[in-house]
Amino acid sequence: MIRDDLAAGVLGALEALGVDPLPESIQLERPANREHGDWSTNVALASAKRAGRNPRELAQELATYLASNELAHVDSVEIAGPGFINFRLKPTWLHDVLVEVVQGGADGYAAPDLGAGERVNVEFVSANPTGPVHAGHARGASHGDSLARLLERTGHQVTREFYINDRGVQMARFGESLAARKAGEEPPEEGYLGQYIVDWASEMPDGVDPVEWGKQRAIEDQKEVLGSFGVVFDRWFSEMSLVDSGAITTTLNELLSRGVAYEADGATWLRSTDFGDDKDRVLVKSDGEYTYLLPDIAYHRDKFSRSDRLINVWGADHHGYIVRMKAAMASLGEDADKLEVEITQLVDLLKDGEPVRLSKRAGTVIELRDVIDEVGADAARLTYLLQSIDSRQTIDLAEVASQGMDNPVFYVQMAHARIHGIARKAAETGIVRGPLADASLALLVHERELEVLRSLSEFPDVVAIAARDRAPHRITTWVRELAGTFHGFYHDCYVVADDVAPELADARLQLVEAARVGLSIGLDLLGVSAPEQL
RNA sequence: GCCCUCGUAGCUCAGUUGGAUAGAGCGACCGCCUCCUAAGCGGUAGGCCACAGGUUCAAUUCCUGUCGAGGGCACCA
């Protein structure tokens, strides 16, 4: 790797000049401005004070030393600004990148092992089993699944989990609503008003328990829609099963015996104020019924028993529960830092420029199914992953559905389709990509070609950062950039044409293959398909 | 009142655990099709990175405060 080679060179230079190396590793970065070279380091700035030297002078001495030593791929070493050392490299370093990408392939390239097999449980969506998955769940679904894919790629053992809240008052209302509709009546006060209740009620056989039947019906529906969205869970975990197994009672008793739960005013409370909460929280109401919190604690405890780390993807309306859940875990002796909660900010949906209000009970939801029908699963997923989950998002369905240039998904998929267009054209002409080892990669010196390779060279870092920061949208940004560089290459550098020599055509086919690998990996991480033709 | 997130080009948003002259897409304007899809490519215009302090050789980035937007502070889930 070029970065390691350069870092080793810089370290050698520091030692030669008698400057103590920094405790941290040598920082090599990619300058934002291309005029500042291909790679750059700030060691002179960072260690000037410690060495008691002027940063510019130190940089100059280091640069002189580095320039007098042969370093692979290095063309020149310069100093600039307050004391940066900039490396200008020969195109050969990018040819090495090409080899790495093609040899690594879709499975091997940009797959840093950051997790060392850590078992990570990612829980997301967890919509109530009282109706279909709606558009409001889709951001969490996209984020959670992409995050799971990122973690898998970076050496984690991932479980995708869906928690089913199949207990409590909402379920009762759901069952009553189904029964009422089946009897041709209006749902009760506080019941569910959606059209799907009417549809499902008409399917419901006589003599079944509406709650149990409805729950199965809802879960079946959720699985189907999420599946068509590219999201498949490893485990659907029922809240009821915690009652049946006695896990809730066990958890409650343990909380009591540890003294972090207590009884007062006829209810049982969690002493969450000991862990920074505003007030203590009720676990068991005075009527004997559990709040949502106690089963949730039992559930997280169960997850901890089979995972090294938990990640929950919750909507912004749940952020207030983070402290109390962490408090509960800490009080049970778990490491609360191993419970990460990802909060997705809300999505404002626009239809024809008008805001759409989502209310499940009033029945004015837009189902995820409708979104997929309208814009397609690919466009929907990529759109949700366009931005950081920390930002509020506005999605105009008409824009997402448009097949114009304002739609990133077409731009990116077009790049992939063009790759296969080239392959088709090459096959017609009888041109076949030869063995990589025989390719004349030195012929790849066109700026457009180098841009594609530069973009690919950044991908392993992008994957690592995206995984570390739990930020799948970084993959989206990168994929769009790679697609952009590829469109430029496609426009200016023909692969199959009369005036392209066979050796160059072959080298370009290798580059196209590298781009294909990069795009496939990126799109797969996003859960977006990579069609060979549009 | 307290807690969380956000405030960057006309619009939608990026910005690598602090780096050099802050980027992309759309929209506007100007160019490019005898050749692998012009669903594309190139160029121009457009910025007090909300505001004020602080830390630092260096702040859009970290800290504090102010203003503005959204969400949350239940014996509902």
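Proteins come first, then strands; the chains are lettered A, B, ... in the order of their sequence lines, and each starts at number 1.
- Applying the Watson-Crick and G-U wobble criteria (two distances, each under 3.5 Å), B/rG25 pairs with B/rC11.
- A salt bridge is absent between A/E161 and A/K303: the closest approach of a Lys/Arg side-chain nitrogen to an acidic carboxylate oxygen does not fall below 4.0 angstrom.
- A donor-acceptor contact under 3.5 Å is formed by the side chain of A/H319 with the base of B/rG71.
- Under a 4.0 Å N-O distance rule, the pair A/R3/A/D461 qualifies as a salt bridge.
- Against the 90° criterion about 0, the sugar-base torsion of B/rC33 places it in the syn range.
- Residues A/N165 and A/C493 each lie close to RNA chain B; by heavy-atom proximity, the contact nearer the 5' end of the strand is made by A/C493.
- Using a 4.0 Å cut-off between charged side-chain N and carboxylate O, A/E451 and A/R454 make no salt bridge.
- Across all strands shown, A/I422 has heavy atoms under 4.0 Å from base atoms, whether or not it also approaches the sugar-phosphate.
- Rounded to a whole Å, the CD atom of A/E399 is 8 Å from the C1' atom of B/rU12.
- Checking the phosphate oxygens (OP1, OP2) of B/rA38, a side-chain nitrogen or oxygen of A/R418 falls inside 4.0 Å.
- For A/H491 and A/H487, the ring centers are positioned 6.0 Å apart or more.
- Stacking of A/Y490 onto the six-membered ring of B/rC36 is present: less than 5.5 angstrom between centres, less than 30° between planes.
- In terms of heavy-atom proximity, A/D280 sits nearest to A/S272 at OD1-N, 3.2 Å.
- In this structure, B/rC73 and B/rG1 make a Watson-Crick or G-U wobble pair, each of the two defining distances being under 3.5 angstrom.
- If you take atom P in B/rU64 and the same atom in B/rA24, they sit 33 Å apart, rounded to whole Å.
- Nucleotides B/rG27 and B/rA39 place their P atoms 14 Å apart, quoted to the nearest Å.
- Across residues 265-286 of chain A, A/D265, A/A267, A/W269, A/D278, A/K279, A/R281, A/V282, A/K285, A/S286 each have a non-hydrogen atom less than 4.0 Å from an atom of RNA chain B (numbered order).
- Among the nucleotides B/rC76, B/rA14, B/rU37, the one closest to the side chain of A/M414 is B/rU37.
- Look at the P atom in both B/rG15 and B/rA20: the space between them is 16 Å, to the nearest Å.
- Under the 30°/60° scheme for interplanar angles, the aromatic rings of A/W39 and A/W93 are found to stand perpendicular.
- Residue A/E342 contributes atom CD, which lies 12 Å from atom P of B/rU5 at whole-angstrom precision.
- A/R516 and A/E532 are not joined by a salt bridge, as no carboxylate oxygen comes within less than 4.0 angstrom of a charged side-chain nitrogen.
- The separation of B/rA59 from B/rG18, taken at their P atoms, amounts to 13 Å, rounded to a whole angstrom.
- Residues A/L386 and A/G484 both approach RNA chain B. Their nearest nucleotides, taken by heavy-atom distance, put A/L386 toward the 5′ side.
- Between B/rG65 and B/rU17, the two P atoms lie 25 Å apart (nearest whole Å).
- Here A/H318 lies in heavy-atom contact (under 4.0 Å) with a base.
- A/R139 and A/T344 are not linked by any side-chain donor-acceptor pair at a separation below 3.5 angstrom, with hydrogens and angles left out of the test.
- In this structure, A/I343 atom CD1 and B/rC6 atom P are separated by 12 Å, rounded to whole Å.
- Nearest nucleotide to the side chain of A/D492, out of B/rC36, B/rC13, B/rC41: B/rC41.
- Atom pair A/L350:CG and B/rU12:C1' shows a separation of 11 Å (rounding to whole Å applied).
- The side chain of A/H491 approaches B/rG40 more closely than any other nucleotide in the set B/rG40, B/rA14, B/rU37.
- The only option from A/Q345, A/Q393, A/R392 that meets the side-chain contact (heavy atoms from CB on, under 4.5 Å) definition with A/Q387 turns out to be A/Q393.
- An OP1 or OP2 oxygen of B/rU5 is reached within less than 4.0 angstrom by no side-chain nitrogen or oxygen of A/Q345.
- Within the 4.0 angstrom heavy-atom criterion, only backbone atoms of the sugar-phosphate kind lie near A/Y290; the bases stay farther away.
- Atom CD1 of A/I389 is separated from atom C1' of B/rG70 by 15 Å (rounded to the nearest Å).
- Using a 4.0 Å heavy-atom cutoff across all strands shown, A/G421 reaches sugar-phosphate atoms only and no base atom.
- The stretch residues 412-429 of chain A participates, sequence neighbours left out, in no salt bridge (Lys or Arg N to Asp or Glu O under 4.0 Å) pair at all.
- Under the Watson-Crick or G-U wobble criterion, with both distances below 3.5 Å, B/rA39 is left unpaired in every strand shown.
- If you measure from atom CD1 of A/I322 to atom P of B/rC4, you get 10 Å, rounded to the nearest angstrom.
- Here, B/rA22 and B/rC49 have their P atoms 10 Å apart, quoted to the whole Å.
- Residue contacts for A/R448: at a heavy-atom cut-off of 4.0 Å it reaches the sugar-phosphate backbone alone, with no base atom in range.
- When the side-chain nitrogen and oxygen atoms of A/Y411 are compared with OP1 and OP2 of B/rA38, none of them lie within a distance under 4.0 Å.
- No engagement by A/T476 is indicated, since no non-hydrogen atom pair under 4.0 Å with the nucleic acid exists.
- Remark: A/L242 CG to A/D296 CG distance equals 9.0 Å, nearest 0.5 Å.
- The same atom, P, is picked in B/rG47 and in B/rC11; the two are 12 Å apart, to the nearest Å.
- Of the nucleotides present, B/rA50 is the one that pairs with B/rU66 by Watson-Crick or G-U wobble criteria, both distances under 3.5 Å.
- The aromatic rings of A/H300 and A/W314 sit perpendicular to each other, their planes meeting at more than 60°, with 30° as the lower class boundary.
- In this entry the distance linking CH2 of A/W478 with C1' of B/rC13 reads 20 Å, nearest Å.
- Ring geometry, A/F174 versus A/Y192: the interplanar angle exceeds 60°, so the pair is classed perpendicular (tilted spans 30 to 60°).
- Rounded to whole Å, the separation between the C1' atoms of B/rG19 and B/rU12 comes to 28 Å.
- Rounded to a whole Å, the CG atom of A/L382 is 12 Å from the C1' atom of B/rG25.
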Taking protein heavy atoms under 4.0 Å as touching, what does nucleotides 17-24 of chain B look like 5' to 3' if B marks base contact, S marks sugar-phosphate-only contact and - marks none? S-BBB---
